[in-house]
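For reference, the structure discussed in these notes is given below.
Just so we're on the same page: letters track the sequence lines, and every chain starts at 1. In this text the structure is predicted, and so the values were computed from the model without any measurement.
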Amino acid sequence: MSLPIKDDEIDIVIGALHSDLTSFMNAWRPIFSRFHLIIVKDPDLKEELKIPEGFNLDIYKKLDIDRVVGTSTSIIFSGYSCRYFGYLVSRKKYIISVDDDCLPAKDNKGFLVDAVAQHITNLTTPATPFFFNTLYDPFTEGADFVRGYPFSLRSGVTCALSCGLWHNLADYDAPTQALKPEERNSRYVDAVLTVPARTLMPISGINIAFNRDVVGPALLPCLRLAGEGKFRWETMEDIWSGMCVKVICDHLGLGVKTGLPYVWRNDRGDAIASLRKEWEGVKMMEEVVPFFQSLRLPQEATTAEDCVVEVANAVKEKLGSKDPMFARTANAMLDWVKLWKSVGGSSSSPGA
Amino acid sequence: MVLEPATATQTAAPAMPQLKDELDIVIPTIRNLDFLEMWRPFFQPYHLIIVQDGDPSKTIKVPPGFDYELYNRNDINKILGPKASCISFKDSACRCFGYMVSKKKYIFTIDDDCFVAKDPSGKAVNALEQHIKNLLCPSTPFFFNTLYDPFREGADFVRGYPFSLREGVPTAVSHGLWLNIPDYDAPTQLVKPLERNTRFVDAVLTIPKGTLFPMCGMNLAFDRDLIGPAMYFGLMGDGQPIGRYDDMWAGWCIKVICDHLGLGVKTGLPYIYHSKASNPFVNLRKEYKGIFWQEEIIPFFQQVVLPKDCTTVQKCYIELAKQVKEKLSKVDPYFDKLGDAMVTWIKAWDELNPPSVLNGKAS
């Protein structure tokens, strides 16, 4: 059912927040080795990267980022935001990105999950955002549209984003994990589903894939918390980016899927220590959600770049006065579009 | 996964049947109730309402040991008088009569060809217990949680989920799924006659606000106090131009009303094992008009706006009936009849369920 995709249409982008990627790369070797990889080193990382042999990859470091991006931009590619540089310089149609503290997970039969293959399947089969299918993804083998699903909606739309999940350390916020320090996610939910149009969700950057041609510029490294840190508990950059992407996908008639594949996320960090920093992010969501829920983009915005500009202007107008962080974010978004247009290769395809 | 239902001996009764005096099990039947033997350990503590469709002179035997009331067509006519016209004949849509006469807070309805499923570990699934869990836990329709139901053991709200939305809203409906014979429409059944649903998806999730879904009546539970009057299964079967859209119709109505009133609808677990595949050619004849009509019906429901002063389910439903007549009659005169039947249903519901006078407040 899915289109046959050539390996050379795919880039795997890894933001290196750890210098020693040996065990990470070796664990993913059976799955990653056929593809081209882009590794972006966190500019704040002092140690040299340790990467095992046998991969087809390009590595970008602080020097490269500075050279390409220059000093004119307000965007800071440090920490988790470093991977977006990889998105910028990639020239492939599909990008898959996982955090460097994640390993392949096992499915409910004990087999290693090929996260790349699953993400590609998700991206190359239609999404169905206009009506909910109770048997989840109708394009999965062994499933279909159920009785009562309108026939005119059965061809679906292009899937622009595929959001995977996490075993072991789930992507909880610091307060939640601090309250349940022993909780680990072991449930394997064997489903992919389309997130309905106009429904917002927290899109985690830990295990994500997207169609760069249609939504590339909409994944953006623009929101930085004052206490932005090197643990997922200390950032909301992906959550902000995800809200933008979802609104833009809804506007452009593109789909967002969630569910499989799972990755295994290593235990790392201390939720309680991160608690002090993360309240900022928690407060931020309260302001941000009503804004995104009421955001409507004009019909004339037909590309992802156009949409990002519209969102940025709306952020400036409606959230800028509430907190200087939002004004900075809006400017960063405009900078990002400029950067994308000059460095990101051809502009994204209009519409779906 | 080897697909088979749980046997009666594999099915163990729970130590403490929850809500046993607050929940009725409504079963429509035209054949027999043999399937109840499989469900006995799970169902026996509960009161059953059997709605007998078809020939009222036939006697439907209920397996011994169940506490039940049974209504055939004669009973329905006697109880409702002229209003009985809103209850379908020769279609399982007649089950909604059971919802109307129940005096309990919760309803679980199941088809007579549905058996106990097994989960991937081989354990028998207590569908009723899971539905109760779903109904007693809040729903989260305003923001999607990527780890599905955050109130389930072993799950929670993910990073980025606004704290102000974590309390959730009351759950009005719990929609379960089916292993083995999936609920496909006739064209799909004809193309894939051998497809069986073997995928056990271990999730419950809230269907987001503003999103419609195809609600199947085979394995369904709801809070009668919260949404009961909107669970009308329409005019189907004998003398009607359409069949197999009863639960669909109810599903679109309840979802629009739940969205308006801030109530939640969940889907996913529990699974039952659906054993009987109905004849796809018969189904095609029943569904045929529906397949075309739903192309008009869906945009209608997607665009429905209920006025702010519709603050009860009945008010919402009457308003909906009015809009059905206004906007869908041009599709087919059937919808004019259906709109009238919707009003009749509400009148009958209110007659059989007068507001409680005990505390002076309307129920």
Side-chain angles (χ1 to χ4, degrees), chain A residues 108 129-136 140 142-153 163 165 170-177 180 183-191 193 195-204 232-233 236 238-239 242-243 258-259 278 281-282 285-286 288-289 293, chain B residues 120 141-148 152 154-165 175 177 182-188 191-192 195-203 205 207-216 244-245 247-248 251-252 267-268 283 287 290-291 294-295 297-298 302:
Chain A
N108 51 5
F130 305 120
F131 207 81
F132 190 88
N133 192 46
T134 48
L135 279 186
Y136 313 109
T140 298
D144 211 311
F145 290 98
V146 297
R147 173 175 60 97
Y149 202 104
F151 277 78
S152 61
L153 296 179
C163 309
L165 293 173
D171 192 14
Y172 291 145
D173 52 48
T176 305
Q177 192 74 68
K180 298 176 164 185
E183 180 142 304
R184 296 294 180 270
N185 186 28
S186 57
R187 183 174 285 133
Y188 188 87
V189 179
D190 189 7
L193 60 138
V195 182
R198 287 182 323 277
T199 296
L200 294 177
M201 62 193 275
I203 293 181
S204 167
R232 279 292 183 193
W233 289 315
M236 289 295 252
D238 51 348
I239 305 297
M243 303 282 271
T258 187
E278 221 228 286
V282 166
M285 284 309 289
E286 299 300 327
V288 152
V289 168
Q293 277 171 337
Chain B
F142 306 120
F143 209 75
F144 188 86
N145 191 47
T146 47
L147 276 186
Y148 314 110
R152 268 190 94 194
D156 212 311
F157 291 97
V158 297
R159 177 175 57 103
Y161 202 104
F163 273 78
S164 59
L165 295 178
H175 177 264
L177 296 174
D183 189 24
Y184 289 159
D185 52 47
T188 309
V191 167
K192 296 177 162 188
E195 185 148 283
R196 298 290 176 264
N197 186 22
T198 57
R199 182 175 285 117
F200 188 95
V201 177
D202 190 4
L205 59 138
I207 301 180
K209 178 176 175 175
T211 300
L212 294 175
F213 75 115
M215 185 177 85
C216 174
R244 285 170 56 87
Y245 271 86
D247 41 6
M248 297 298 134
W252 300 325
T267 187
N283 288 344
E287 290 172 12
I291 286 173
Q294 78 190 359
E295 297 299 330
I297 297 171
I298 299 300
Q302 281 172 333

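If you tally non-hydrogen atom pairs under 4.5 Å between each of Tyr161(B), Trp252(B), Tyr245(B), Tyr148(B) and chain A, the highest count goes to Tyr148(B). In terms of heavy-atom pairs under 4.5 Å with chain A, the best-connected choice from Ala203(B), Pro141(B), Ser164(B), Cys216(B) is Ser164(B). With chain B as partner, the option from Arg187(A), Met243(A), Arg198(A) having the largest number of non-hydrogen pairs under 4.5 angstrom is Arg187(A). Top candidate by heavy-atom pairs under 4.5 Å with chain B, chosen from Gly259(A), Ser204(A), Ala143(A), is Ala143(A). Heavy-atom pairs under 4.5 Å with chain B peak, among Asp171(A), Thr258(A), Val146(A), at Asp171(A). When the candidates Leu193(A), Asp190(A), Ile239(A) are compared by the number of heavy-atom contacts under 4.5 Å with chain B, Asp190(A) comes out ahead. Interface remark: of the candidates Asp238(A), Val195(A), Leu153(A), Asn185(A), Asp238(A) forms the most heavy-atom pairs closer than 4.5 Å to chain B. Note: Asp247(B) leads Asn283(B), Asp247(B), Ile297(B) in heavy-atom pairs under 4.5 Å with chain A. Of the listed residues (Lys209(B), Glu287(B), Glu295(B)), the greatest number of heavy-atom pairs within a distance under 4.5 Å of chain A belongs to Glu295(B).
The CZ atom of Arg147(A) sits 11.0 Å away from atom CD1 of Ile291(B), with the distance rounded to the nearest 0.5 Å. To the nearest 0.5 Å, the span separating NE2 on His175(B) from OG1 on Thr134(A) amounts to 5.0 Å. Note that CD of Gln302(B) and CZ of Phe130(A) are 9.0 Å apart. Values are rounded to the nearest 0.5 Å. Summarising the geometry, atom NZ belonging to Lys180(A) is positioned 3.5 Å from atom CG belonging to Asp156(B); distances are rounded to the nearest 0.5 Å. Interatomic distance, Phe142(B) CZ to Gln293(A) CD, rounded to the nearest 0.5 Å: 9.0 Å.
Contacts between Thr176(A) and chain B at a heavy-atom distance below 4.5 Å involve the side chain alone, from C-beta outward. Heavy-atom distances place no part of Gln177(A) under 4.5 Å from chain B, backbone and side chain included. Heavy atoms closer than 4.5 Å to chain B are found in both the backbone and the side chain of Ala191(A). For Val289(A), the part lying near chain B is the side chain, with the backbone staying farther off; criterion is any non-hydrogen pair under 4.5 Å. Proximity to chain B involves both the backbone and the side chain of Leu200(A), based on heavy atoms less than 4.5 angstrom apart. Neither the backbone nor the side chain of Asn108(A) comes within contact range of chain B; no heavy atoms are under 4.5 Å apart. Using a 4.5 Å cut-off between heavy atoms, Ile298(B) touches chain A through its side chain atoms alone. There is no contact between Ala186(B) and chain A, counting heavy-atom distances below 4.5 Å. Using a 4.5 Å cut-off between heavy atoms, Arg244(B) touches chain A through backbone and side chain atoms alike. Using a 4.5 Å cut-off between heavy atoms, Phe145(A) touches chain B through its backbone atoms (N, CA, C, O) alone. Of the two parts of Thr199(A), only the side chain, counted from C-beta on, holds a non-hydrogen atom closer than 4.5 Å to a non-hydrogen atom of chain B.
Taking every heavy atom of both residues into account, Pro196(A) and Pro208(B) meet most closely at CG-CG, 3.9 Å.
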- Give the C-alpha distance, both sets of side-chain angles, the deciding distance and a yes or no for side chain to side chain contact (heavy atoms under 4.5 Å, CB included) between Met285(A) and Phe163(B). CA-CA 8 Å; Met285(A) 284 309 289; Phe163(B) 273 78; over 6 Å; no

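At least one side-chain heavy atom of Tyr172(A) sits under 4.5 Å from a side-chain heavy atom of Leu147(B).
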